[in-house]
Amino acid sequence: MKFRTIIRHLREGVKNVVRNGWMSFASASSIFISLFILGVFLLLSLNVNHFAEQIESQVQIRVFLQLNTDQKTIDRLNNDIGNMVDVKSVAFVSKDEGLEVLRTSLGEDADYLLEGFDKSNNPLPDSFTVEVFEPKTIADVANKIKAINNADKTKPIMNVKYGQGTVEKLFKATDAVRNIGLIIVLGLAVTAMFLISNTIKVTILNRRREIGIMKLVGATNTFIRWPFFIEGALIGFTASLITAGALLYGYVKLIAMTKFDLGLAMITLVEYHDVAFLLTVSLVGIGTLIGVWGSTISVRKYLKV
Amino acid sequence: MIEMQDIWKTYADGTHALRGVSVRIDRNDFVYLVGPSGAGKSTFMKLIYREEVPTKGQISVNGFNIGKLKPRKIPYVRRNIGVIFQDFRLLQKMTVFENIAFAMEVIEAPKKLIRKRTMEVIELVGLKGKHNSLPTQLSGGEQQRVAIARAIINNPSVIVADEPTGNLDPETSWGIMNLLEEINFRGATIIMATHNREIVNSLRKRVIAIENGEIVRDEARGEYGYEI
């Protein structure tokens with residue numbers, strides 16, 4: 001193809017969008033609406049995922065030590081646990097700190113429940129709070145920590161707790177939520193593609209005559225196809241870019257509106273800069289692809305001699 | 001030059017549009033194709049610009065065996081054949097200039113040449129000053145002139161015109177005939193299907209009459225020969 005022909009196709013593609021103003025508008029609207037719904041669910045699913053992660057990351061292991069464990073053993077255990085590959089952090093909580101934490105968490109009731117307990121007669125054991133990188137490894141890590149006792153005659157570890165049973169249920173629930181989100185998003189993506197390509201098909205149906213005339217004056221199929229291809233890409237690209245813009249604008253507003261209320265519940269929405277790229281790229285990608293795909297398929301139908 | 005040898009055309013619904021047509025049309029001929037509606041005139045023309053292929057028989061246009069043409073090659077053969085219709089078939093959303101220039105863009109001609117040549121044919125068909133009009137802003141005769149300009153811009157050796165004056169009043173029709181004669185004079189072969197008795201009888205040319213898919217008459221300077 002000659003360079004001037006490429007320029008010609010680009011020019012014709014852009015001109016066609018304007019010439020078929022209302023049909024272009026119909027295609028663009030269809031893309032906008034479909035992708036908007038898809039985008040809303042994508043954001044929803046990203047946030048549900050994010051919530052799940054936040055909840056999951058709150059699981060931790062409590063390692064309770066025997067009473068009167070000496071400082072040397074404590075330091076050694078701290079090291080051993082901290083050196084495990086899956087462990088993100090380990091924090092020593094002395095029995096005095098433990099009492100304070102308990103007091104705080106009991107609130108008003110602490111005064112009479114903990115009456116008479118102070119540093120001298122604190123019944124609580126020393127403990128470690130262990131956090132892991134990957135919440136799903138928590139059971140394994142807990143078992144490994146328990147296993148430290150096997151190599152130590154003094155058996156310094158009294159008990160290891162990580163919410164056994166509850167944690168597994170939590171993971172099942174968050175996995176289910178994630179999978180449902182993924183299925184909805186994929187289903188919507190497919191629906192959007194059919195909806196949009198149908199609209200484009202209808203708009204091109206109207207141009208069967210145009211294609212017939214082009215063939216009559218001796219245009220090759222490639223020559224006819226290119227401007228339609230560019231037209232479809234242009235409409236798809238523009239419409240999806242507007243959709244992404246509208247969604248992100250709405251999302252920023254939503255973050256600002258809910259920051260305070262959600263903050264009280266100790267959860268946050270996915271940050272704007274974490275969704276902006278993914279959302280824009282996936283919507284614009286899908287939109288442009290559908291624009292091109294829809295117009296190419298439809299034109300091909302009328303190109304058969 | 002166009003040559004048909006024992007051409008049969010049967011459509012999918014069983015209609016025999018042409019039954020054993022053999023004819024030879026020389027370079028620079030001007031041929032009227034006459035006959036009742038449904039006699040096979042349109043099929044005869046469609047075979048020439050390869051809108052249809054014969055069921056049986058051989059047809060060659062400018063030395064190309066049209067019936068055996070690979071689909072890929074069709075556009076290139078069509079560029080040497082100008083086609084004109086009763087309903088003009090213009091692209092409604094393009095201006096006069098764009099409609100005509102399109103036929104030259106197809107052959108990937110340089111932009112400057114397209115502009116020069118398009119303005120020339122616009123003047124030739126008598127539409128000077130109307131190049132920016134849309135088809136809807138033109139009269140029927142003017143639209144047909146645009147269609148003719150588009151058909152001749154690439155200097156095709158054959159012009160196929162299917163009832164080009166069918167939708168036009170007598171005075172406008174004569175304008176179009178003068179234009180076709182001028183194009184014929186410049187060297188193009190013209191094949192024109194028509195029901196216009198007055199034109200055929202006044203502007204005497206070769207007449208081929210088709211009835212029931214067969215050639216029933218072929219005279220060098222014939223008459224229309226039908227009473228309507």
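We name chains A, B, ... by the order of the sequence lines, and we start the count at 1 in each one. Quick note: numbers below take in every heavy atom, side chains included, and nothing from hydrogens, waters or symmetry partners.
- For B/P110, the parts lying under 4.5 angstrom from a heavy atom of chain A are both the backbone and the side chain.
- Residue contact with chain B, scored on non-hydrogen atoms closer than 4.5 Å, involves the backbone and the side chain of A/R19 alike.
- A/K215 NZ to B/R50 CZ: the interatomic distance, rounded to the nearest 0.5 Å, is 9.5 Å.
- Counting heavy atoms from C-beta outward, B/F102 and A/I213 have side chains that stay 4.5 Å or more apart.
- No donor-acceptor distance shorter than 3.5 angstrom exists from the side chain of A/R209 to the backbone of B/L91, with no hydrogens or angles considered.
- The neighbour count for A/F237 CZ, taken as heavy atoms of other residues, nucleotides or ligands under 6.0 Å away, does not exceed 12.
- Counting heavy-atom pairs under 4.5 Å between each of B/A109, B/A103, B/P156 and chain A puts B/A109 at the top.
- The line from CE of B/M94 to CD of A/E12 is 5.0 Å long, rounded to the nearest 0.5 Å.
- Between B/K93 and A/E210 there is no salt bridge, since none of the side-chain N atoms of the basic residue sits less than 4.0 Å from a carboxylate O of the acidic one.
- When heavy atoms are compared at a cutoff of 4.5 Å, B/R150 approaches chain A solely by way of its side chain, counted from C-beta outward.
- Of the two parts of B/I153, neither the backbone nor the side chain holds a non-hydrogen atom closer than 4.5 Å to a non-hydrogen atom of chain A.
- A 6.0 Å sphere centred on CZ of A/F171 holds more than 12 heavy atoms belonging to other residues, nucleotides or ligands.
- More than 12 heavy atoms of other residues, nucleotides or ligands shown are found within 6.0 angstrom of CZ on A/R4.
- Residue contact with chain A, scored on non-hydrogen atoms closer than 4.5 Å, is absent for B/A147.
- Ranked by non-hydrogen atom pairs under 4.5 Å with chain B, the options A/K2, A/R8, A/K15 are led by A/R8.
- Summarising the geometry, atom OG1 belonging to A/T220 is positioned 11.0 Å from atom CZ belonging to B/R72; distances are rounded to the nearest 0.5 Å.
- At most 12 heavy atoms of other shown residues, nucleotides or ligands fall within 6.0 angstrom of atom NZ in B/K68.
- Put simply, the side chain of B/V106 does not reach to within 4.5 Å of the side chain of A/M214, judged on heavy atoms.
- Heavy-atom neighbours of B/Y11 OH from other residues, nucleotides or ligands within 6.0 Å: above the threshold of 12.
- Taking chain A as the reference chain and counting heavy-atom pairs below 4.5 Å, the highest number among B/R79, B/R89, B/E108 is found for B/E108.
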